[in-house]
Amino acid sequence: MKVLVTGGAGYIGSHTCVALLEAGYDVCVIDNLDNSSYEAVKRVEELTGKKITFYEKDILDKPAMEEIFAAEKPDAVIHFAALKAVGESVAKPLEYYHCNVFGTIALLETMKKFGVKKLVYSSSATVYSSVKEMPVNEQSFAYVTTNPYGWTKIMCEQIIRDTCHADPELAVALLRYFNPVGAHPSGRIGEDPAGIPNNLMPFVAQVASGKRERLSVFGNDYPTRDGTGVRDYIHVCDLADGHVLALGKITDGNGVYTYNLGSGQGTSVLEMVKAFEEASGREIPYVISPRRPGDIAEVYADASLAEKELGFKTKRDVYDMCKDLWNWQAQNPNGYQK
């Protein structure tokens, strides 16, 4: 079975490619390398001993997409390609709507033209940003969010649902995942953000390595146990395994399946900093900064549906996330750059 992975050179995409290849799938990747590196694809091939067909293309380029679909004839698509920073989306909403929403529409149109009926979609816990009661389950979805990035995910989920309603042969898994952390235990692939990291843990790792002077903790006056934001962190390898399980679920089915992929536990920013200090043996200096636009106090998952229907359960804890992240950072202080 051949799987086309959009954004497959990125952080989550590259780890999912490893999981797919190890599970016996054939993989081809489309990525415009806007915030990713072809080096990740090469290292996935090293880790697995298997070949990936790679196209440096943008999913908004429909003629290119159609050429790729015609050549590769994929059986299924896993769709990661998107802009993904909450704060940046507040500052650049039009870029986010253009890339994320129009990109998904272009992909769905191409899938329809070539008769591809299986899709795993990369959604986000950001769709729960207006929900107050924790943990959130798949029914907590309120069609309200606090930032444009979250709105793009809500819009794309609805577009996909409507598309499935119009075509009962389609089978889609919408995966709302929480905060991916960590790296492949080999240290060969990991998160390599361009410029200043938007997410907590890559920034922490860069502080530990001396690349950044200190961490900014955005807000310590939230109504949480230590005043800092609480999130559900999931090891990126557990998340990758979840995509393989979801693909298996839709292979012989149809309709829309929605799953939370998270650990089911909330961890605060300061608790994550402490865990990283323990795993790395490095002190992480930090300062308290104002809250960021669009951020909320806490969100963590009820992932029981994914466990029941997919057999999904996280195998790695916060310490494992921090240990593997530090291993990646220590081996690759400049990311994929030589």
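The structure presented is a predicted model; accordingly, all values stated were derived computationally and were not measured.
When ring centroids are compared, W326 and Y319 stay outside the 6.0 Å threshold. Remark: aromatic rings of F178 and Y300 are distant, center separation not under 6.0 Å.
V120 and L170 sit in two unconnected hydrophobic clusters of ILVMFWY residues. Membership requires side-chain heavy atoms under 4.5 Å apart, directly or through other members. No path of Ile, Leu, Val, Met, Phe, Trp and Tyr side chains, each step under 4.5 Å between heavy atoms, connects L270 with F218, placing them in separate hydrophobic clusters. When the side chains of ILVMFWY residues are joined at heavy-atom separations under 4.5 Å, either directly or via intervening members, V273 and I196 end up in a single hydrophobic cluster. L200 and V90 are assigned to two separate hydrophobic clusters, defined by single-linkage of ILVMFWY side chains at heavy-atom distances under 4.5 Å.
One side chain, T152 or N100, offers a donor N or O that lies under 3.5 Å from an acceptor on the other. Checked by atom type, the side-chain pair H79/T104 shows a donor-acceptor distance below 3.5 Å. For the residue pair N220/T228, the side-chain donor-acceptor check at 3.5 Å is not satisfied. No side-chain donor-acceptor contact under 3.5 Å links S216 and R292. Between the side chains of R176 and Y128, at least one donor N or O sits under 3.5 Å from an acceptor N or O. Between the side chains of E72 and Y55, a donor-acceptor pair is found at a separation under 3.5 Å. A donor-acceptor contact closer than 3.5 angstrom is absent between the side chains of H184 and D324. R43 and N332 share a donor-acceptor pair across their side chains, judged by distance under 3.5 Å alone.
Summarising the local packing, OH of Y286 is surrounded by 12 or fewer heavy atoms from other residues, nucleotides or ligands at distances under 6.0 Å.
Contact record, D241 with A19: OD1-CB, 4.0 Å, taken as the closest heavy-atom pair. Considering every non-hydrogen atom in both T126 and G150, the closest pair reads CG2-CA, 3.6 Å. Taking every heavy atom of both residues into account, P193 and Q206 meet most closely at CG-NE2, 4.5 Å.
Under the salt bridge (Lys or Arg N to Asp or Glu O under 4.0 Å) criterion, E66 pairs with K113, not counting sequence neighbours.
Using bins of under 30°, 30° to 60° and over 60° for the plane-to-plane angle, the ring pair Y257/Y259 lands in the parallel bin.
A donor-acceptor pair is defined here as one N or O able to donate and one able to accept, closer than 3.5 Å; such a pair exists between the side chain of K118 and the backbone of G253.
Between D238 and K315 there is no salt bridge, since no side-chain N of the basic residue sits under 4.0 Å from a carboxylate O of the acidic one. Salt-bridge annotation for E46 and R188: present, with a side-chain N of the basic residue lying under 4.0 Å from a carboxylate O of the acidic one.
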Quick one, L4 with I78, criterion side-chain contact (heavy atoms from CB on, under 4.5 Å). Give me CA distance, side-chain angles, the key distance, then yes/no. CA-CA 6 Å; L4 175 66; I78 299 182; over 6 Å; no
Assess whether side chain to side chain donor-acceptor pair (under 3.5 Å) is satisfied between E298 and T224, documenting all intermediate values. CA-CA 8 Å; E298 65 175 350; T224 60; over 6 Å; no
Assess whether salt bridge (Lys or Arg N to Asp or Glu O under 4.0 Å) is satisfied between D167 and K117, documenting all intermediate values. CA-CA 9 Å; D167 183 356; K117 302 293 186 179; 2.6 Å; yes
Between H243 and Y177, does the ring pair (Phe, Tyr, Trp, His ring centres under 6.0 Å) criterion hold? Intermediate values first, please. CA-CA 10 Å; H243 286 76; Y177 35 84; 5.3 Å; yes
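In this structure, Y96 shares a hydrophobic cluster with L83, V86, Y149, the cluster being traced through Ile, Leu, Val, Met, Phe, Trp and Tyr side chains under 4.5 angstrom apart.
Seen from the ring of Y222, R291 counts as a face-on cation partner, given the 6.0 Å and 45° thresholds.
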